[in-house]
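Below is one structure, written out as structure tokens, with a few remarks after it.
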Amino acid sequence: MSRCEQCIIREFNTLKALTKEELIRISGCKTSKTVKKGEIIFEEGDTLNGVYCVKDGICKMSKLSANGKDQIVKLIVKGDLMGKNSIIREESANLTAVALNDMEVCFIPKQEIMNDLKKNPNFSMEVLKKMTNDLKTSENIIVNMAQKSVKQRLADLLIYIHDSFGVDENGFLKIVLSREDYANVVGTATESAIRILSQFKKAGYISTEGKQIKIERIQKLKLIE
């Protein structure tokens, strides 16, 4: 099990603001685990007793809407901390986290994080910056949902996945989502997402193989209206 003070992943999140001594203390009480693809890490309404630091892998964060559908709010990648908002607000989890592929996560008890928030102002500031950035992202999503067409939102999502997570050795997007997942992210019916992806394929903007998608003409996707 790697030690927190030696883990390069912390450089990608708010833990970088902790001192070596604080990291050594956290390392002594954290627990590491492997999460299999499709496994639920925590569910909306769960009481969280700590935060999860993603060492490897990707998961989706979703919220159950009033009509009973899962709305995917964001994708979490290595370096991200999950659950910090809930423990700071002292409320149950507002989202459900599900692994999209096999993951490695480290669980850090709530008390350890809260102690450092109280004692280390640099750490508190980094957490505050991250929370405000998350809020900004949420505001942008709301604007996009209101002002962009479903076709534009789906094109934007494909570009975001391509630019943020890259492609495999065959050129397919590394993030493999179901058609239902695509629909949930952009806020439309699954049938609509399938129809639009078919239109993109027919136009030569993308190609597919099963659930896998390869972007063939990214500039064309950027010009979707």
Side-chain angles (χ1 to χ4, degrees), residues 4 7-19 22-23 26 30 41-42 44 46 48 50-65 70-100 103-108 110 112-148 152-166 173-175 177 181-182 184-187 222:
C4 296
C7 182
I8 193 171
I9 292 301
R10 68 182 172 84
E11 293 300 325
F12 298 104
N13 62 37
T14 54
L15 298 180
K16 65 186 177 184
L18 296 177
T19 66
E22 288 167 338
L23 287 167
I26 283 178
K30 72 168 186 177
I41 301 170
F42 57 81
E44 185 177 348
D46 285 352
L48 301 184
V51 299
Y52 295 87
C53 179
V54 179
K55 189 174 181 181
D56 195 22
I58 300 164
C59 80
K60 61 181 180 180
M61 304 285 284
S62 63
K63 185 170 182 62
L64 197 64
S65 63
D70 269 336
Q71 174 69 52
I72 297 177
V73 176
K74 56 185 173 181
L75 299 175
I76 299 292
V77 298
K78 67 180 180 181
D80 284 337
L81 289 181
M82 298 187 293
K84 62 184 181 302
N85 292 14
S86 295
I87 67 169
I88 291 172
R89 293 195 310 262
E90 295 188 335
E91 296 177 354
S92 58
N94 192 44
L95 302 171
T96 295
V98 179
L100 286 176
M103 301 178 67
E104 287 184 58
V105 300
C106 295
F107 179 78
I108 304 171
K110 173 182 178 179
E112 301 301 322
I113 294 295
M114 296 306 293
N115 284 341
D116 291 323
L117 282 171
K118 293 172 183 176
K119 296 177 181 178
N120 185 329
N122 290 331
F123 179 54
S124 298
M125 183 57 69
E126 286 296 326
V127 171
L128 183 59
K129 285 179 182 177
K130 176 60 178 169
M131 293 176 76
T132 53
N133 283 336
D134 287 347
L135 179 59
K136 181 181 178 181
T137 299
S138 297
E139 290 170 344
N140 289 337
I141 290 172
I142 291 171
V143 171
N144 286 340
M145 293 286 272
Q147 297 183 352
K148 290 189 175 184
Q152 285 175 310
R153 298 201 299 269
L154 193 48
D156 286 348
L157 176 58
L158 291 171
I159 295 166
Y160 167 74
I161 292 174
H162 177 275
D163 292 348
S164 300
F165 307 107
L173 298 177
K174 278 189 176 179
I175 301 294
L177 298 177
D181 283 336
Y182 277 109
N184 289 342
V185 173
V186 301
K222 290 179 179 179

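Numbers for residues simply follow the sequence, beginning at 1.
Tyr160 and Leu75 make their closest contact through CE2-CD1, 4.4 Å (heavy atoms, listed as atom of the first residue, atom of the second, distance). The heavy-atom pair separating Lys148 from Gln152 by the smallest distance is CA-OE1, 3.3 Å. Listed here is the closest heavy atom pair of Met61 and Phe42: CE-CZ, 3.8 Å. Pairing each heavy atom of Met103 with each of Cys59, the nearest pair is SD-CB, 3.6 Å. Of all heavy-atom pairs spanning Glu44 and Leu64, the tightest one is OE1-N, 3.0 Å. When all heavy atoms are compared, the tightest approach of Ser86 to Asn94 is OG-N, 4.0 Å.
Without hydrogens or angle criteria, Asp46 side chain to Leu48 main chain gives no donor-acceptor distance under 3.5 Å.
Rounded to the nearest 0.5 Å, atoms CG (Leu158) and CD1 (Ile175) are 12.5 Å apart. In this structure, CD1 in Ile72 is found 10.0 Å from OH in Tyr182, a value given to the nearest 0.5 Å. Atom NZ in Lys60 sits 13.0 Å away from atom CG in Leu95 (nearest 0.5 Å). In this structure, Asp116 CG and Glu126 CD are separated by 13.5 Å, a value rounded to the nearest 0.5 Å. The CZ atom of Phe107 sits 12.0 Å away from atom CD1 of Ile41, with the distance rounded to the nearest 0.5 Å. The line from CD1 of Ile26 to CD1 of Ile108 is 5.0 Å long, rounded to the nearest 0.5 Å.
The side chain to side chain contact (heavy atoms under 4.5 Å, CB included) test with Lys130 singles out one residue from Asn85, Leu81, Asp80, and that residue is Asp80.
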Report the C-alpha separation of Val77 and Val54 in whole Å, then their side-chain angles, then the decisive distance to 0.1 Å, and conclude whether the side-chain contact (heavy atoms from CB on, under 4.5 Å) test is met.
CA-CA 7 Å; Val77 298; Val54 179; over 6 Å; no

side-chain contact (heavy atoms from CB on, under 4.5 Å) between Ile113 and Val127: does it pass, once the steps are laid out?
CA-CA 11 Å; Ile113 294 295; Val127 171; over 6 Å; no

Lys174 vs Ile58, side-chain contact (heavy atoms from CB on, under 4.5 Å): CA-CA, chis, key distance, verdict
CA-CA 10 Å; Lys174 278 189 176 179; Ile58 300 164; over 6 Å; no

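No more than 12 heavy atoms of other residues, nucleotides or ligands sit less than 6.0 Å from atom NZ of Lys119. Within a 6.0 Å radius of CE in Met114, more than 12 heavy atoms belonging to other residues, nucleotides or ligands are found.
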